[in-house]
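Structure first, commentary second.
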Amino acid sequence: MSGGPAVRISIESSCEKQVQEVGLDGLETYVPPLSMSQNLAKLAQRIDFSQGSDSEENGVDSEPRDGEWGKQEPEEEEVKFQPSLWPWDSVRNNLRSSLTEMCVLYDVLSVVKEKKYMALDPVSQDPTAGKTPQVFQLMSKKKSLATAAQLLLKGAEKLSKSVAENQENRRQRDFNTELLRLRSQWKLRKVGDKILGDLSYRSAGSLFPHHGTFEVIKNTDIDLDKKIPEDYCPLDVQIPSDLEGSAYIKVSIQKQSPDIGDLGTVNLFRRPQKNKPGTPWHIKLEAAQNVLLCKEIFAQLSREAVQIKSQIPHIVVKNQIISQPFPGLQLSISLCHCTGDKKINRSSPEKPKPDDHLYVLEHNLHQMIREFHKQQLSSVVMPHPASAPFGHKRLRLAGPMAYDKAEISSLQQSEGLLEKIIKQAKHIFLRSRTARTIDCLASRIEDPQIQAHWSNINDVYESSVKVLITSHGYEQICKSIQLQLNIGVEQIRVVHRDGRAITLSHQEQELQDFLLSQVPRLRL
Amino acid sequence: MGVTCVCQVPVAEGKSVQQTVDILHKKLEQLGAVKQGNFCVDCETYQSTVNAGGQPSKLLYVMHNSEFPLSCLALFEGGPCLVADTNFDVLMVKLKTHFQNAKGHKVECRGSRYRYCDFLIKVGTVTMSSSVRGISVEVEYCPCVVPGDCWNLMKEFMLSFLGNNVPELPTVFAAKPEGLFAPADSVDTMTQYLELFNKLRKLQITGSNVH
């Protein structure tokens, strides 16, 4: 049926004749075949004409065929004369169709018998009731919805229970949740059965050799019978003993102390810290990190103070570095570390000293050390790619261009933290003294008015002020005296309106004399 | 960078190498020069293993100079020269199948470095496998890079402390296509050192008298 080319089957009647006798010489004598009419007769006798359906078309009634043979002949002849119809055509068709049907049935049965490709299934019975009643439908829908709703409710109940539990846990501050919070802010690692953390700036680029390791411990000293205090925390940290308490760097400019023996440990502490044992861990860790940073700043400054050769050497005494930015002036940078011990506080008398701590410089020190850290990690210093040599990008040319030592040192950084902070201190001092001088003069001299307009935008090493000397009532006419003062690190540069520039030194008197000399010019 | 002249100072009669060096130091200090540390120039020899056409294989000299601390020079005698980073030494190790290090041929020159205003004077002893071969003196005039302009000044300066041992104009300057007015650089300095080392090396081989 399907697949494969159609096969031609040729059917031919066997023309085998029956052998009547075989002669002695091998010659076979056949039975003479039936003639046409004899054959016809033989076949006709087999037909049951009572069943013929095609004979109706011919309009031949189905009479009982008991009749003569001759009567049939003319009918058949009529049938014969119809073109393309030979007498047994209808018979043949019927037979063929019945054969086909039988074959199909046989195939189907044989396939079904194997039960591999076809199976017999009873046809589902249609409900005898023609249409289901609507009430029944409604009931069934309601039931199924109720089942679904119940499932959902069960799930919702479970969720709400777990959320409530979470809230409860959070309120109670479980150790693990606290640990999770700690881990989200600080670096932790597990060593054996201890949990250690790192509060140093090493991952941010610091080179300070302090380890900065703190330990996380479980706070188990609570009495379950008593009520749990409000600030109870199941997690506690143990910081290294040298980082306890709090510290800050005090930078101040004073008049030079006459005797070097006067230098002692600067103990003045303006910000006492209450370090009771119940302090939450984040406060403790932040304070300890600040102490570490201050120690690093001070270590860097003292190292530079010792190593760098300057004209007036810096003095490092205990926790203080003293240097002289200007003659008669003393800049002292000290590390004030209060460990919170009550004993030390009581021993030093707390005299109210004028607060000459320069916050700006302390802030700048912190900023500079952080910048130094960042530089350690920047791509300028860290090699890109990883196999490249360390150092400034220009330094890579030093090899192939055969740079000598002078050229190499000019490429590398020259200024250290101490030099920078001293320059900044000098500038701050010079600026405040200039302001004082100008204000002093302005209040002293009434006739021509001296006005000073300070610029808002300054640099750490440079500021500028515009000084106007005018006469009352004649401001619009006499505009000639306008001086721009650029205050640098050690000098003041004065630029007149007509462009003349004069450089003054840091001496206070010089500036005063110069301004006084400008006053009579107005009168002229 | 300036114009450099490297020359050899023969050992004084009846004195050892160290004594001659001390005499030179004293003369320089009398002149007013200030000692500014030490210097070291060394040279390693590499022999090419690939021998094409039966010619004697070329020798590659790799030199270092403490004056150029981050550089390394590689040169063939009379041939091309390369100025490179110090990683070049590591590269030579990797190329050891092609270039073999002749370890016994390493020459070093160490000594003190003096500064006299614009002049840099380096007095050193040349040693090869811990036997002293001679004394070298390098004079550098820093402000100028053109040999033709400052050779006379340098000669006069060298006369003041070297006496009769003043050398002639180094051949590296004269051999350049532009002659004396081409700017001098580190390659010229190291070429002069190489010539000096080779000269001192050859002297020992012929059994001549050099301590």
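Quick note on labels: first sequence line is chain A, next is B, and so on, each numbered from 1. Just so it is clear, the model here is predicted, and its values are computed rather than measured.
- Separating the CG atom in D404(A) from the OG atom in S66(B) is a distance of 11.0 Å, to the nearest 0.5 Å.
- Atom CD of Q100(B) is surrounded by 12 or fewer heavy atoms from other residues, nucleotides or ligands within 6.0 Å.
- Around atom CZ of R493(A), no more than 12 heavy atoms belonging to other residues, nucleotides or ligands sit under 6.0 Å away.
- No more than 12 heavy atoms of other residues, nucleotides or ligands lie within 6.0 Å of CZ in R110(B), so this atom counts as exposed by the packing criterion.
- Other residues, nucleotides and ligands contribute at most 12 non-hydrogen atoms within 6.0 Å of the NZ atom of K103(B).
- Residue with the most contacts toward chain A among A84(B), S186(B), C72(B): A84(B) (heavy-atom pairs, distance under 4.5 Å).
- Atoms CG and CE, on D85(B) and M401(A) in that order, are 13.0 Å from each other to the nearest 0.5 Å.
- Counting heavy atoms of neighbouring residues, nucleotides and ligands inside a 6.0 Å radius, atom NZ of K374(A) does not exceed 12 of them.
- Of the atoms belonging to T86(B), not a single heavy atom falls under 4.5 Å from chain A.
- Between A402(A) and F68(B), the shortest heavy-atom contact is O-CD2, 3.4 Å.
- Residues P400(A) and V83(B) share a closest heavy-atom pair of O-CG1, 3.1 Å.
- Atom NZ of residue K405(A) and atom CD of residue Q36(B) lie 8.5 Å apart, to the nearest 0.5 angstrom.
- H98(B) NE2: 12 or fewer foreign heavy atoms inside a 6.0 Å radius.
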